Visitor: 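One structure follows; several queries about it will come next.
In what follows, chains are A, B, ... by sequence order, proteins preceding strands, each numbered from 1. All values below were derived from every heavy atom in this structure, side-chain atoms included, with hydrogens, water molecules and symmetry-related copies excluded. All values derive from a computational prediction rather than experimental measurement.
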Amino acid sequence: MAQKYTTREQDYSKWYNELVGRADLAEHSDVKGCMVIKPYGFAIWENIKDELDKRFKETGHSNAYFPLFIPKSYLSKEASHVEGFAKECAVVTHYRLKNAEDGSGVVVDPTAKLEEELIVRPTSETIIWNSYKNWIQSYRDLPILINQWANVVRWEMRTRLFLRTTEFLWQEGHTAHATRDEAVEEAEKMNQVYADFAEQYMAMPVIQGLKTESERFAGADETYCIEAMMQDGKALQAGTSHFLGQNFAKAFDVQFSDKEGKRDFVWATSWGVSTRLMGALIMTHSDDEGLVLPPKLAPIQVVAVPIYKSQEDLDKISERFNELGAKLKAKGISFKYDDDDNRRPGWKFAEYESKGIPVRLAMGMRDFEGGNIEVARRDEKTKEVVSFDGVDAYIENLLEEIQLNLLNKAKAYREERTHKVDSYDDFKVQLEEKGGFFLAHWDGTAETEEKIKQETKATIRCIPADREEETGTCMVTGKPSAGRVIFAKAY
RNA sequence: CGGGAUGUAGCUUAGUCCGGUUAAAGUGCUCGUCUGGGGGGCGAGAGAGCGGAGGUUCGAAUCCUCUCAUCCCGACCA
């Protein structure tokens, strides 16, 4: 008896929320806007984190850790930065509680007021640049290539598990360079690292590009991004990398002497991805049966379910699975043998489908006696009976095939829903009817962008890095345009 | 912060309009048993006093007042 869940068709948001629960990824905390990431969800995040961390190290970065609290005065040193974050900051004003006089519990002790309020970091540029100021004297101190894994707080009005929560986990890279070119190169390089990771590990195709001025990070001269398309046709910004120019160096007076002894401000970048990637992962591949995970990020890649009536049968089957499990583990494939007698096979099948485990094996006495095993793949929901001999190699190939298939399916989905439009009327109609990404000409002004946003709720996701050379006229104003940009509704 | 809605068992909900036995069901949980190739069948059992506070009444999950919380739609955002 299948349990009823909301389908993507019926209500995409509801489908997403139910999926997060049924795959046991996370749940709402009693703390408003905050989530509890459950062990299975966290295991996926750890896989994301481990691979990214490896790639950051490979590109020369080191990890460090800076404080959770930022003095209020730091935040206000960079004008556009504070303006961008001011409305969503949590503020610490006191450092002590005391027992309430009426015995009702504890209250804030009014005598323990902080001289200067502390902001819970919404991002760490200011506190980090305050340190960099002391670390940098000479060009010999550069570049500084640091990353930190941390939690940050942004007091959002409306939250959704993984996509937008008050507190979230992320990594933030913060680098300092002697030249503009080197900093730009760094920002581009890290955006490329994100793009490669998204495609190779998450099996999620992304478009690399540049944000328009109005979508840019507060305090950045240029924001690079990777944008992905979710299965409802909406865009999701999956990662950003910022060229910060000399803005923070000037705000914190970070200067260095070059080879000629000339003083100049340091050039900066920052870049980050967050637990939002979990949301992206879910909405890229999952179906109405539950989560679908790319093998490279699945905490369990292969699960095996025995089907038996007697203990003797189970013993025989277990021997086969244990033998196979050892072989798979030797190949670096994570394997779980579920011989829990309290759950029936059908229950387990449904459970592991909900959790998105890429490959499921089953063996009953029929298979055992025929020297066979049943192999089911999550991505296509197909299963076949194959010979037990050599099945380890078969599974190894299958995992690779699933990884590739997911990427290809996601790419095909995106291509189908990416449309070139040349008239604003056309754009409005198609945006409502089909959704997806729209390649259109834009005159480059914030006014036009704002008008489109107000009228259609679509924003410019990015100016694609690899766009075709094509001049044209803005679909709204008819003014000249140097090339097409991507419009879409976004998360 | 505006507009709308909802709080009843771990979860999903019925009951509320029109007050009246011991607050009901599904699912989950416990035990037993038959089972076992797609979320099992049968039997037994534990579990809530109805978000909170106050009020009306012989009597409140149901009516009134206040309060808290959550969800949806807007404004804001990775």
Visitor: By the rule that syn is within 90° of 0, classify the base conformation of B:G47 as syn or anti.
Guide: anti
Visitor: From CG of A:Asn17 over to C1' of B:C11, roughly how many Å is that when rounded to an integer?
Guide: 15 Å
Visitor: Is any side-chain heavy atom of A:Asp221 closer than 4.5 Å to a side-chain heavy atom of A:Leu244?
Guide: no
Visitor: Applying a 4.0 Å non-hydrogen cut-off, can you work out what A:Phe168 is touching in the nucleic acid: base, sugar-phosphate, or nothing?
Guide: base
Visitor: Using the side-chain heavy atoms of A:Ala350, tell me which of these nucleotides is nearest: B:G39, B:C76, B:G37.
Guide: B:G39
Visitor: Using atom CD of A:Glu289 as one end and atom P of B:G39 as the other, report the distance to the nearest whole Å.
Guide: 14 Å
Visitor: What closest approach, in Å, do A:Leu75 and A:Cys89 show between heavy atoms, and which atom pair accounts for it?
Guide: CD2-SG, 3.9 Å
Visitor: More 5' along RNA chain B: A:Tyr491 or A:Arg160, using each one's nearest nucleotide?
Guide: A:Arg160
Visitor: Round to the nearest Å and state the distance from A:Asn342 atom CG to B:G39 atom C1'.
Guide: 15 Å
Visitor: Between A:Phe56 and A:Trp271, is the ring centre distance below 6.0 Å?
Guide: yes
Visitor: Within this structure, what is the CH2-to-P distance between A:Trp347 and B:U27, rounded to whole angstrom?
Guide: 16 Å
Visitor: Could you work out the separation of B:G74 and B:U12 based on their P atoms and round it to a whole Å?
Guide: 24 Å
Visitor: Would you call A:Arg55 and A:Glu51 a salt bridge, using N to O less than 4.0 angstrom?
Guide: yes
Visitor: Can you find a donor-acceptor pair, distance only, under 3.5 Å between A:Arg360 side chain and B:G38 base?
Guide: yes
Visitor: For B:C1, does either OP1 or OP2 sit under 4.0 Å from a side-chain N or O belonging to A:Lys87?
Guide: no
Visitor: So which nucleotide does B:A24 pair with, by the Watson-Crick or G-U wobble rule with both distances under 3.5 Å?
Guide: B:U13
Visitor: Expressed in whole Å, how much space separates the C1' atoms belonging to B:U8 and B:A69?
Guide: 15 Å
Visitor: Could you let me know what B:G36 is paired to, Watson-Crick or G-U wobble, both distances under 3.5 Å, or none if it's on its own?
Guide: none
Visitor: So which nucleotide from B:G36, B:C76, B:G39 ends up closest to the side chain of A:Arg22?
Guide: B:G39
Visitor: Rounded to whole angstrom, note down the C1' distance from B:G20 over to B:U62.
Guide: 11 Å
Visitor: Which listed nucleotide (B:G38, B:G39, B:G36) is nearest to the side chain of A:Glu353?
Guide: B:G38
Visitor: Take the angle between the ring planes of A:Phe321 and A:Phe335 and call it parallel below 30°, perpendicular above 60°, tilted in between.
Guide: tilted
Visitor: Of the nucleotides B:G36, B:U70, B:G74, which has the atom closest to the A:Lys457 side chain?
Guide: B:G74
Visitor: If I pick the C1' atom on B:C64 and the same atom on B:G19, what distance separates them, to the nearest angstrom?
Guide: 13 Å
Visitor: Measure from the side chain of A:Tyr308, starting at C-beta and using heavy atoms only, and say which of B:C76, B:G36, B:G38 lies closest.
Guide: B:G36
Visitor: Could you tell me the Watson-Crick or G-U partner of B:G59, where both distances fall under 3.5 Å? Say none if there is no partner.
Guide: none
Visitor: Give A:Gln237 one of three labels, base, sugar-phosphate or nothing, depending on what nucleic acid heavy atoms sit under 4.0 Å from its own.
Guide: sugar-phosphate
Visitor: Using the closest heavy atom to pick a nucleotide of RNA chain B for each, name whichever of A:Ser354 or A:Gly84 lands nearer the 5' end.
Guide: A:Ser354
Visitor: Quote, to the nearest angstrom, the C1' distance that separates B:U33 from B:G49.
Guide: 34 Å
Visitor: Under 4.0 Å, heavy atoms only, any strand: does A:Lys383 hit a base, just the sugar-phosphate, or nothing?
Guide: base
Visitor: If you measure from the P atom in B:C50 to the same atom in B:G55, how many Å do you get, rounded?
Guide: 16 Å
Visitor: Is the shortest side-chain N/O distance from A:Arg344 to OP1 or OP2 of B:G40 below 4.0 Å?
Guide: yes
Visitor: Taking the same atom, C1', in B:G54 and in B:C17, what whole-Å distance lies between them?
Guide: 24 Å
Visitor: Counting only Watson-Crick pairs (N1-N3 plus N6-O4 or O6-N4) and G-U wobbles (N1-O2, O6-N3), all under 3.5 Å, who is the partner of B:U30?
Guide: B:A44
Visitor: Any heavy-atom pair between the side chains of A:Thr126 and A:Lys77 that's under 4.5 Å?
Guide: no
Visitor: Which whole number of Å gives the distance between the P atom of B:G15 and that of B:A24?
Guide: 16 Å
Visitor: Checking side-chain polar atoms at under 3.5 Å, does A:Gln192 have a donor or acceptor matched by the opposite partner on A:Gln208?
Guide: yes
Visitor: Once you apply the 3.5 Å cut-off to both distances, tell me the Watson-Crick or G-U wobble partner of B:U6, or none.
Guide: B:A69
Visitor: Counting side-chain heavy atoms from C-beta on, which of B:C29, B:G36, B:C76 comes nearest to A:Ile307?
Guide: B:G36
Visitor: Taking the six-membered ring of A:Phe437, is NZ or CZ of A:Arg461 closer than 6.0 Å to its centre and within 45° of its axis?
Guide: no
Visitor: Within the 4.0 Å heavy-atom criterion, would you say A:Leu236 contacts the bases, only the backbone, or no part of the nucleic acid?
Guide: nothing
Visitor: When we call it a touch if two heavy atoms are under 4.0 Å apart, what does A:Lys348 touch: a base, just sugar-phosphate, or nothing?
Guide: nothing
Visitor: For a quick check, tell me whether the side chain of A:Asp341 and the base of B:G36 share a donor-acceptor pair closer than 3.5 Å.
Guide: yes
Visitor: Base, sugar-phosphate or nothing for A:Thr275? Non-hydrogen atoms, less than 4.0 Å.
Guide: nothing
Visitor: Using the side-chain heavy atoms of A:Lys309, tell me which of these nucleotides is nearest: B:C71, B:C29, B:G36.
Guide: B:G36
Visitor: Tell me the partner of B:G54, counting only Watson-Crick (N1-N3 plus N6-O4 or O6-N4) or G-U wobble (N1-O2 and O6-N3) with both under 3.5 Å; none if nothing fits.
Guide: B:C64
Visitor: B:G37, B:C76, B:G74: which one has an atom nearest the side-chain heavy atoms of A:Ala362?
Guide: B:G37
